Trainee: 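Would you mind keeping the following structure in view while I ask a few things?
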Amino acid sequence: MSSNPSPPKFKLYNSLTRQKQEFEPLNREHVRLYACGPTVYSYAHIGNARMAVTFDQLARVLRFLYPRVTYVSNITDVDDKIMQAAIDTGREIGQITRFFEEAYNQDMAILGVTPPDIQPRATEHIPEMIALIQSLIAKNHAYEVNGHVLFHVPSFAGYGGLSGRSRDDQIAGARVEVAPFKKDPADFVLWKPSTPDQPGWESPWGYGRPGWHIECSAMAETHLGLPIDIHGGGADLKFPHHENEIAQSCCAHDQTDLAAFSRYWMHNGFLTVNGEKMSKSLGNFTLTHDVIARGIAGETIRHAFLSAHYRQPLDWSEETLARSQKALDKFYRVVADLTDKEHLEIIDTAPPTEFLEALCDDLNTPKAYAVLNALAKKATVEKTAAALSDFVASARFMGFLTQSPAQWFAQKPTGSHNTSPELDASEIEALLSERTAARAAKDFARSDEIRDELLSHGITIIDTPQGPEWRKSH
Ligand code: AMP
Ligand code: ZN
């Protein structure tokens, strides 16, 4: 067991300063984190899940380092895509959003995502958004025109500082739907009118609904207070969403420093398919829900995400999953060997410093994973409870090895051969003999395969000097 007198310092690549920096929370007693969550009009795709796992892993590290962490991740439950889904399916908006919010949380839980401490819904924060918009109008950063309220981009000199976009790029990237009303082509919507059949709320500007960006400014401030410590989301949100959030929040509080809204910004890279960003609009998406339904373990999907550094793109394919499944099979085999054959116990312990240092280096999960492999090897060689426990504690810190080896090997994806739950004694004996023969022939791949198959039926092999024995494990 490693002693860990002073935990490592956490370093984070701050998208705002474009530098890796030592993380210093405003208040060391309470770290406050906000990440932009899903728009709930259908199941989340694998790219959305990457964001959820990335920020879950960040929250795990922060919770280890600091006494209190509040992690807020919102649910966008008012949006034109949701309105379209209601038209397409004939279902009520509220039914759609609650259903997919629940589905999202269930699927993320399977990926080992601890629920955020607060998961605010946009529709439950309309008064806060209206108050922010009123303040922006009072301070001449926003104006009303034809039932719309628009943020006036030239009123904020710092605009573009997060994304580094030039004025031309900003205009090209801004939505053009209300172009005729805009004082400036880069201006964006804070509030827009709704027809009576559309979702809406009464406001000083008539019956309408908020633009997307204002919800996060309002919910971050309401639940965390400003400035928050870390704000994040996928890299696609840097512009315009996060740029607009900064403009709204800074201007509402007469701040010119971009860090007055959030002190650090963190963006996960894209999950791609053949090099292209996975997205619903491109149609190249895989739903997390469907991958889970195929019987792929949540740990396997999580492993696939964490095998790449969060800022790098990660290309999604069946091979990505197969590699992760194999890597986890290996980890579970190490645990099965050491607990069943060597009778070692897993002791509750903190992960060793070397492992934590890797994660504290801008959440370097590939480096942490390399340490994990070294710890697995060390445990196999040393065969001590301490080495095994260091390995298991580290793996669990990343959300792996959360089940028993028997459970793990029992849940094979649909279509695999390991679906029958019961084997009779003669079948077990036959497989054991085949394994003994395979080992004698040094065909360890086959002998491991047989061992995994037996484990999948809840049968553990114990190698004794008299030869292999078996027992039913639980
Ligand atoms: P959305 O539901 O599209 O608003 O996205 C929810 C979260 O997932 C946001 O933080 C997005 O930035 C993130 N996200 C969406 N697509 C991807 C992708 N292909 N790769 C990584 N993150 C993504
Ligand atoms: Zn947001």
Side-chain angles (χ1 to χ4, degrees), residues 15 33-56 58 71-82 85 96-97 100-101 103-105 107-108 111 113 116 118-122 125 129 132 162-163 188 190 210-224 228 230-249 261-262 265-289 301 304-306 308-316 320:
S15 315
L33 163 69
Y34 186 100
C36 295
T39 307
V40 281
Y41 65 102
S42 73
Y43 290 108
H45 64 60
I46 290 284
N48 303 136
R50 183 182 195 194
M51 171 268 155
V53 168
T54 300
F55 286 91
D56 174 67
L58 171 71
Y71 171 31
V72 177
S73 189
N74 65 301
I75 296 285
T76 299
D77 60 350
V78 52
D79 179 272
D80 290 0
K81 288 190 286 277
I82 302 175
I96 295 177
T97 54
F100 287 114
E101 176 185 318
Y104 175 79
N105 283 334
D107 290 342
M108 294 312 115
L111 305 197
V113 172
I118 305 171
Q119 206 175 30
R121 298 185 181 114
H125 295 77
M129 295 184 217
L132 254 185
L162 173 71
S163 59
F188 59 88
L190 299 172
W212 171 35
H213 316 297
I214 196 73
E215 74 176 67
C216 290
S217 282
M219 292 190 279
E221 180 171 355
T222 302
H223 293 286
L224 296 171
I228 61 175
I230 304 174
H231 190 125
D236 54 330
L237 299 188
K238 261 192 216 173
F239 183 89
H241 186 53
H242 288 163
E243 201 74 78
N244 294 355
E245 285 184 38
I246 294 176
Q248 294 160 162
S249 296
F261 174 43
S262 176
W265 285 82
M266 179 172 159
H267 292 97
N268 62 270
F270 288 148
L271 187 115
T272 56
V273 185
N274 298 325
E276 203 171 30
K277 182 196 167 200
M278 179 181 283
S279 82
K280 297 235 170 93
S281 52
L282 289 174
N284 63 350
F285 60 90
T286 302
L287 300 177
T288 314
H289 196 74
I301 304 171
F305 293 147
L306 297 181
H309 188 258
Y310 78 89
R311 282 195 282 124
Q312 299 303 318
L314 169 64
D315 210 53
W316 192 257
T320 321

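All values reported here derive from a predicted model rather than from experimental measurement. Atom set for the values below is all heavy atoms of this structure, side chains included, hydrogens, waters and symmetry mates excluded. We're numbering straight along the sequence, starting at 1. Counting convention: from 1, in listed order, for ligands and their atoms alike.
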Trainee: Checking Ala35 now: which residues fulfil side chain to side chain contact (heavy atoms under 4.5 Å, CB included) with it, not counting sequence neighbours?
Mentor: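 For Ala35 the side chain to side chain contact (heavy atoms under 4.5 Å, CB included) partners, ignoring immediate neighbours, are Met51, Phe55, Tyr71, Ser73.
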Trainee: Once side-chain hydrogen bond (donor to acceptor under 3.5 Å, both in side chains) is applied, what residue pairs with a partner in residues 37-54 remain, sequence neighbours excluded?
Mentor: Ser42-Lys280
Trainee: Can you name the N, O or S atom of Glu245 that is closest to the Zn ion (ligand 2)?
Mentor: OE2
Trainee: Please determine whether His241 has a backbone or side-chain N, O or S atom lying under 2.8 Å from the Zn ion (ligand 2).
Mentor: yes
Trainee: In terms of ring plane angle, is the pair Phe261 and Trp265 parallel, tilted or perpendicular, where the classes change at 30° and 60°?
Mentor: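 Rings of Phe261 and Trp265: tilted, as their planes differ by 30° to 60°.
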Trainee: Run the side chain to side chain contact (heavy atoms under 4.5 Å, CB included) test against Val72 and tell me which residues pass, sequence neighbours left out.
Mentor: Tyr34, Thr70, Ile118, Pro120, His223, Leu224
Trainee: Tell me whether the Zn ion (ligand 2) has Cys36 as a neighbour, meaning an N, O or S atom of it below 2.8 Å.
Mentor: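 Looking at Cys36, which is the residue asked about, there is an N, O or S atom under 2.8 Å from the Zn ion (ligand 2).
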Trainee: Which parts of the protein, at residue level, reach under 4.0 Å of ligand 1 through a heavy atom?
Mentor: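 Residues Cys36, Gly37, Pro38, Thr39, His45, Gly47, Asn48, Met51, Gly233, Gly234, Asp236, Leu237, Asn268, Gly269, Phe270, Leu271, Lys277, Met278 each place a heavy atom under 4.0 Å from ligand 1, listed by chain and number.
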Trainee: For residues His231 and Glu245, is any side-chain donor paired with an opposing acceptor at under 3.5 Å?
Mentor: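 Side-chain D/A pair, His231 to Glu245: present.
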Trainee: Return yes if a side-chain donor-acceptor contact under 3.5 Å exists between Asn74 and Thr76, otherwise no.
Mentor: yes
Trainee: Taking the six-membered ring for Trp, are His267 and His242 closer than 6.0 Å centroid to centroid?
Mentor: yes
